[in-house]
Amino acid sequence: MPELPEVETTRRGIEPHVIGRAVRGLILRRADLRWPFPQALQNLIGERITVAERRAKYLLLHSRPGAALLHLGMSGSLRIVDAGLPPRLHDHVDIVLDDGRALRFNDPRRFGALLWQVAGEVHPLLQGLGLEPLGPDFSGEHLFALSRGKRTTVKVFLMDQAVVVGVGNIYAAESLFRAGIDPRREAGKVSLARYQRLADAVRDILAHAITRGGTTLRDFLNPEGEPGYFEQELQVYGREGLPCRVCGTPLRHATLGQRATVWCPRCQR
DNA sequence: CATCGGACCTGTTAGC
DNA sequence: TGCTAACAGGTCCGAT
């Protein structure tokens, strides 16, 4: 489900509810999601949450001894609920706050994660991540430099979290459409000028999607329980066979890197 | 090394 | 209507 805009929407939704709150308790209704919940998570209890940070598609709830590190995987979501509200199916974890509410982590497919990052350290999962696409250093030059010699497709390259973070299957397709680049192109053969267009497209689309509250295809809801509206503006994702919104040509479909890929054969070269 | 495929899960939908 | 197969927003890890 969540790519960068959905994770950022989630972060903004929970931030006002968790900042300055102390953690009263942790309810773990199972022992793991993608990985076992570490014992060190108990360090959060009694501590005050100081910062709600997003890095790539991870969320970090910082406290004095360390941070709870969350990943929403394909189907995870967070909600702010009254702590007494009975849990529903796949509500795996509650972080209970001192105001009678709780941050509730729901994840049907259980590809998500809840881990612990010791204060002053960087969790191994966060090491080796690429640039933030909305940060100051992300650029066409960066994409161009890292892509030299790469035989993979430009779409798979763009979704490599070691290159640039936060771009998943939806936004990769949309960005390549905006930049006019055929997703099947060999990454190492795309020109600097085209990577500059692509970097601009990634930045613009992600930033705009955040203002729309993300993309709700089936079940993404922000922590207030509201959907996102960016899907109304999707140009290619999920539209295979339908006419291109720009030129009317039927959109093509192929599988790249085991992911469904859609593009306009006329607008994207 | 870079690249590829399998694996981890459940829920929904398309197709027979 | 009911069953089955395919597919879904992610990414780690092992094999090649």
Side-chain angles (χ1 to χ4, degrees), chain A residues 1-10 29-37 54-59 69-78 88-93 105-115 123-130 133 145-176 184-189 202 205-206 209-210 212-222 227-241 253-262:
Chain A
M1 172 197 353
E3 301 185 36
L4 187 150
E6 292 73 41
V7 178
E8 178 61 22
T9 296
T10 298
R29 299 190 181 86
R30 52 178 301 120
D32 60 60
L33 285 174
R34 177 167 187 167
W35 294 289
F37 299 134
R54 180 191 56 75
R55 170 69 174 119
K57 297 173 191 170
Y58 293 89
L59 287 170
L69 176 63
L70 293 91
H71 195 290
L72 301 178
M74 287 276 266
S75 60
S77 62
L78 295 176
R88 305 216 286 184
L89 191 62
H90 306 309
D91 281 341
H92 306 305
V93 173
F105 190 174
N106 182 284
D107 185 9
R109 290 177 75 178
R110 308 206 302 267
F111 291 169
L114 173 58
L115 299 167
H123 193 280
L125 287 173
L126 303 187
Q127 295 172 17
L129 286 176
L146 286 193
S147 64
R148 293 310 89 181
K150 289 280 203 295
R151 307 287 318 277
T152 189
T153 64
V154 63
K155 182 186 180 229
V156 169
F157 172 73
L158 185 61
M159 291 176 65
D160 182 348
Q161 302 299 298
V163 174
V164 56
V165 300
V167 182
N169 205 31
I170 295 176
Y171 296 106
E174 295 298 309
S175 299
L176 288 161
R184 300 168 300 174
R185 277 222 117 77
E186 192 174 315
K189 291 185 175 171
V202 167
I205 286 171
L206 293 180
I210 291 169
R212 308 270 71 200
T215 299
T216 297
L217 291 180
R218 33 166 40 107
D219 54 10
F220 171 74
L221 300 176
N222 71 21
Y229 295 99
F230 187 75
E231 76 282 0
Q232 296 170 5
E233 301 176 41
L234 294 177
Q235 301 298 304
V236 289
Y237 182 86
R239 300 192 68 244
E240 60 267 32
H253 170 275
T255 298
L256 298 181
Q258 296 139 258
R259 311 300 296 276
T261 303
V262 184

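A, B, ... follow the sequence lines: proteins, then strands. Residue 1 opens every chain.
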TODO: Could you tell me which residues satisfy salt bridge (charged side-chain N to carboxylate O under 4.0 Å, His left out) with A:Arg54, sequence neighbours excluded, listed by chain and number?
DONE: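 A:Arg54 satisfies salt bridge (charged side-chain N to carboxylate O under 4.0 Å, His left out) with A:Glu8, A:Glu132 only.
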Between [options], which one does the side chain of [X] approach most closely?
X        : options               : value
A:Leu89  : C:dA8, B:dG11, B:dT3  : B:dG11
A:Tyr58  : C:dA8, B:dA2, C:dC12  : C:dC12
A:His71  : C:dC12, C:dG10, B:dG5 : C:dG10
A:Gln258 : C:dC12, B:dT10, B:dG5 : B:dG5
A:Gln161 : B:dC4, C:dT11, C:dG10 : C:dT11
A:Arg110 : B:dG11, B:dT10, B:dT3 : B:dT10
A:Tyr237 : B:dC4, C:dG10, C:dA8  : C:dA8

Task: Stacking of A:Phe111 on B:dC8 base (centres under 5.5 Å, planes under 30°) - done: yes
- [ ] For the residue pair A:Leu72 and A:Phe111, establish whether any side-chain heavy-atom pair is separated by less than 4.5 Å.
- [x] no
Task: Ionic contact status for A:Glu186 with A:Lys150, cut-off 4.0 Å - done: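 Salt bridge absent between A:Lys150 and A:Glu186.
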TODO: Decide, yes or no, whether a salt bridge links A:Asp32 with A:Arg34 under the criterion of side-chain N to carboxylate O below 4.0 Å.
DONE: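 The answer is no: the pair does not qualify as a salt bridge.
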Open item on the list: Aromatic contact between A:His71 and A:Tyr58, with the criterion being ring centroids under 6.0 Å apart: yes or no?
Closed with: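 They qualify: ring centres under 6.0 Å apart.
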Task: Output field: ring centroids A:Phe230/A:Tyr171 closer than 6.0 Å - done: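 Yes.
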Task: Flag for A:Asp107-A:Ser75: side-chain donor and acceptor within less than 3.5 Å - done: yes
Expressed in angstrom and rounded to an integer, what is the separation of [X] atom [atom1] from [N] atom [atom2]?
X        : N      : atom1 : atom2 : value
A:Leu72  : B:dT10 : CG    : C1'   : 16 Å
A:Leu217 : B:dT13 : CG    : P     : 12 Å
A:Arg34  : C:dT11 : CZ    : P     : 8 Å
A:His123 : C:dT11 : NE2   : P     : 14 Å
A:Glu240 : B:dT13 : CD    : P     : 15 Å
A:Met159 : B:dT3  : CE    : P     : 15 Å
A:Asp32  : B:dC9  : CG    : C1'   : 11 Å
A:Leu146 : B:dC1  : CG    : P     : 15 Å

Open item on the list: Just to be sure I understand the rule, does A:Arg151 reach a base, reach only the sugar-phosphate, or reach nothing, if contact means heavy atoms closer than 4.0 Å?
Closed with: sugar-phosphate
Open item on the list: Just N and O in the side chain of A:Arg109: are any of them under 4.0 Å from OP1 or OP2 of C:dA8?
Closed with: no
- [ ] Answer yes or no: does a side-chain N or O of A:His90 lie under 4.0 Å from OP1 or OP2 of B:dG11?
- [x] yes
Open item on the list: Let's go through A:Phe105 and A:Leu33 carefully: what are the C-alpha distance in whole Å and the side-chain angles of both, what is the deciding distance for side-chain contact (heavy atoms from CB on, under 4.5 Å) to 0.1 Å, and is it a yes or a no?
Closed with: CA-CA 11 Å; A:Phe105 190 174; A:Leu33 285 174; 3.6 Å; yes
Task: Whole-angstrom distance between B:dG6 and C:dC7, as gauged at atom P - done: 14 Å
TODO: Please map the stems of DNA chain C, keeping only stretches of three or more Watson-Crick or G-U wobble pairs with both distances under 3.5 angstrom.
DONE: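 DNA chain C stems, ordered by first number: B:2-8 with C:10-16, B:10-16 with C:2-8.
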